[in-house]
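Just so you know, residue 1 is the first one in the sequence shown, and it goes up from there.
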Amino acid sequence: MRIPVREVTPGCETAEICGFVHEVRDLGGLAFLLVRDRTGIIQVTVPKKKVAPHIIDAVRDVSRESVVRVKGTVRAIDKAPGGREIIPEVFEVISKSESPLPLDVAEKVPAELDTRLDSRFLDARRPRVAAVFHIRSAVAQAVHEYLFSAGFVNITTPKIVAAATEGGTELFPIAYFEKEAFLNQSPQLYKQMMIGAGFEKVFEIGPIFRAEEHNTTKHLNEATSIDLEMAFADQNTVMEILEDLIVSVYRKVEKDCGPFLEAMELDGFSVPKTPFPRLPYAEAIEIAGKKTDEPIRYGDDIGTAAEKAIGEEMGGHYFIVDWPTAIKPYYAMPYEDDPSICRAFDLMHPRMELSSGAQRVHQYDLLVAQIREKGLNPESFSFYLTPFRYGMPPHAGWGLGMERLVMTMLGLPNIREAVLFPRDRHRLVP
Ligand code: AMO
């Protein structure tokens with residue numbers, strides 16, 4: 001029976017393993033193979049005097065990255081990875097790899113990100129790369145665990161929709177029989193409708209589609225959003241949930257992903273300290289104005305240079321709160337005493353925005369007025385607006401970018417590193 005490579009210890013007598021040929025070295029009287037499965041690497045040592053000739057021939061001929069089965073005796077040896085090796089009695093090539101390889105899995109030859117993404121199946125065989133996706137899986141698990149234990153209900157909302165969510169632009173049109181349709185930018189309208197349906201606490205982890213033309217290291221055209229919506233809550237309640245969730249995700253990764261963090265050779269991994277500071281928008285742009293050459297005025301959005309300057313000043317995760325109503329979406333609730341600012345927030349990592357959210361407008365008339373104010377037509381939102389006429393609890397929520405969370409947690413230079421098969425301005429295959 002095959003066992004994972006990690007379970008072959010110096011104490012085992014015999015073992016059978018299967019995996020990819022990581023490296024082959026023929027030193028005349030002795031040949032070495034390194035065989036890799038998803039749990040680790042093991043050395044297969046072939047002393048030519050002691051091993052059957054057909055095994056020697058097979059080992060000599062095997063190409064790198066072929067899939068092999070090896071069965072033999074285990075010996076303790078200091079110099080080999082994991083302090084053990086297998087002397088084969090059975091050596092079978094299950095699936096031969098062609099050579100040359102489009103990408104060097106052993107990472108002796110460096111490769112550009114584009115080349116890596118073109119051959120992602122090979123790139124992801126690299127332990128350092130695979131580790132990112134094992135950690136991303138743990139992040140998803142931690143989010144589910146946290147939200148389920150806090151009483152949130154997992155929902156799934158449509159990705160093919162008839163109307164824009166965030167304000168008309170940046171939509172991918174698709175052919176939907178005789179109708180015009182789009183890929184959804186955000187589950188925003190649907191998660192709010194489920195508050196109208198009385199679900200009180202909902203979340204979804206799903207794809208969002210943004211037809212953004214620009215090609216940056218932090219934007220994707222298909223991203224994954226962790227979305228939450230909660231009834232009878234204001235922005236402060238959901239901000240607390242968000243920071244608590246972030247910390248519990250980091251803790252889970254720290255606790256469960258040690259070998260993957262090691263494989264990535266990270267400089268440092270630390271759980272962020274809470275509470276995250278709450279920085280009012282007005283103060284944030286003041287910092288940006290002092291620290292950058294780019295002019296920034298009250299009412300401007302916070303661009304990349306400003307984000308960087310404020311991030312340097314803050315040094316860790318922080319919230320920007322109390323945004324001007326004019327630059328946040330129509331669904332953000334204005335303050336009663338000063339409607340020019342609203343109950344919206346962004347969660348920031350020093351490198352970039354991770355999440356945005358708000359307490360929402362739950363009053364039908366105000367919502368219609370705010371939709372009009374943004375130059376949008378309330379009629380195209382009637383499916384969304386109708387629930388607001390039949391009893392809508394006050395509510396708040398946020399959307400958190402999964403890729404940005406993983407990217408900032410692991411210090412990845414490019415968001416594409418946090419996606420198996422990224423979709424960007426130029427990339428539609430694989
Ligand atoms: P927003 O548009 O700010 O808010 O998106 C929320 C979070 O999703 C991530 N994100 C992206 N990640 C990668 N590439 C993109 N193109 C991209 N666009 C967004 C970011 C961002 O902070 N409906 C609101 C959320 C809410 O209020 O509940 C919304 O979509 O991490």
Side-chain angles (χ1 to χ4, degrees), residues 1-101 103-111 121-135 254-267 269:
M1 276 297 288
R2 175 203 175 209
I3 59 168
V5 160
R6 192 198 305 147
E7 287 176 22
V8 184
T9 60
C12 296
E13 262 173 42
T14 61
E16 177 174 340
I17 54 128
C18 292
F20 297 99
V21 173
H22 191 68
E23 238 181 87
V24 195
R25 256 178 300 152
D26 190 347
L27 307 178
L30 203 59
F32 295 105
L33 283 184
L34 292 179
V35 178
R36 184 191 72 242
D37 71 7
R38 72 169 201 165
T39 67
I41 290 183
I42 189 162
Q43 179 171 303
V44 176
T45 307
V46 188
K48 293 191 181 161
K49 282 189 186 142
K50 292 188 189 154
V51 168
H54 71 277
I55 294 186
I56 296 167
D57 291 343
V59 167
R60 191 178 289 141
D61 282 353
V62 74
S63 50
R64 282 166 56 201
E65 295 306 316
S66 294
V67 177
V68 296
R69 181 170 77 92
V70 184
K71 194 172 162 187
T73 46
V74 177
R75 272 200 333 209
I77 167 170
D78 283 347
K79 275 181 277 176
R84 77 310 195 215
E85 62 180 6
I86 299 184
I87 315 294
E89 278 140 32
V90 176
F91 182 84
E92 181 193 350
V93 178
I94 298 173
S95 171
K96 183 177 179 320
S97 168
E98 286 180 25
S99 30
L101 295 161
L103 191 77
D104 176 19
V105 175
E107 292 200 76
K108 299 236 160 80
V109 186
F121 71 99
L122 275 181
D123 185 50
R125 287 187 195 176
R126 296 169 156 182
R128 203 160 52 84
V129 174
V132 173
F133 297 98
H134 287 287
I135 294 169
E254 187 179 52
K255 180 165 123 333
D256 294 353
C257 297
F260 297 123
L261 293 171
E262 234 165 77
M264 288 190 67
E265 295 166 8
L266 285 191
D267 278 348
F269 178 89

Least distance between heavy atoms, Glu65 atom then Val105 atom: OE2-CB, 3.3 Å

Shortest non-hydrogen contact between Cys257 and Ile135, atoms and distance: CB-CG1, 4.0 Å

CG-CG distance between Asp104 and Asp123, expressed to the nearest 0.5 angstrom: 11.0 Å

Passing candidate, side chain to side chain contact (heavy atoms under 4.5 Å, CB included) with Val59, options Val46, Val51, Val21, Val68: Val46

Polar side-chain atom of Thr45 near backbone of Ile87 as donor-acceptor pair, under 3.5 Å: no

salt_bridge(Glu107, Arg125) N-O dist < 4.0 Å: no

Stepwise side-chain contact (heavy atoms from CB on, under 4.5 Å) check, Arg84 with Ile42: CA-CA 7 Å; Arg84 77 310 195 215; Ile42 189 162; 3.7 Å; yes

Heavy-atom neighbours of Arg128 CZ exceed 12 at 6.0 Å: no

Stepwise side-chain contact (heavy atoms from CB on, under 4.5 Å) check, Phe32 with Leu34: CA-CA 7 Å; Phe32 295 105; Leu34 292 179; over 6 Å; no

Test side-chain contact (heavy atoms from CB on, under 4.5 Å) applied to Ile17 and Asp37, step by step: CA-CA 9 Å; Ile17 54 128; Asp37 71 7; 5.8 Å; no

Atom of Ser63, atom of Ser99 and distance for their closest heavy-atom approach: CB-OG, 4.0 Å

Rounded distance [0.5 Å steps], CG in Leu103 versus CZ in Phe121: 8.5 Å

Taking every non-hydrogen atom, the tightest pair across Ala124 and Val129: CA-CG1, 3.9 Å

From CZ (Arg38) to NE2 (His134), nearest 0.5 Å: 5.5 Å

Asp26 and Lys48 ion-paired at < 4.0 Å: yes

Flag if over 12 foreign heavy atoms under 6.0 Å of NZ, Lys71: no

All salt bridge (Lys or Arg N to Asp or Glu O under 4.0 Å) counterparts of Glu254, not counting sequence neighbours: none

Where Arg36 and Ile41 come nearest, the two heavy atoms and their spacing: CG-CG1, 3.7 Å

Neighbour count above 12 (heavy atom, 6.0 Å) for Arg64 CZ: yes

Residues that Phe20 engages under ring pair (Phe, Tyr, Trp, His ring centres under 6.0 Å), provided they are two or more places apart: none

Shortest non-hydrogen separation from Thr39 to Val5 and the atoms involved: OG1-N, 3.2 Å

Spacing of Leu33 atom CG and Arg25 atom CZ [to the nearest 0.5 Å]: 10.0 Å

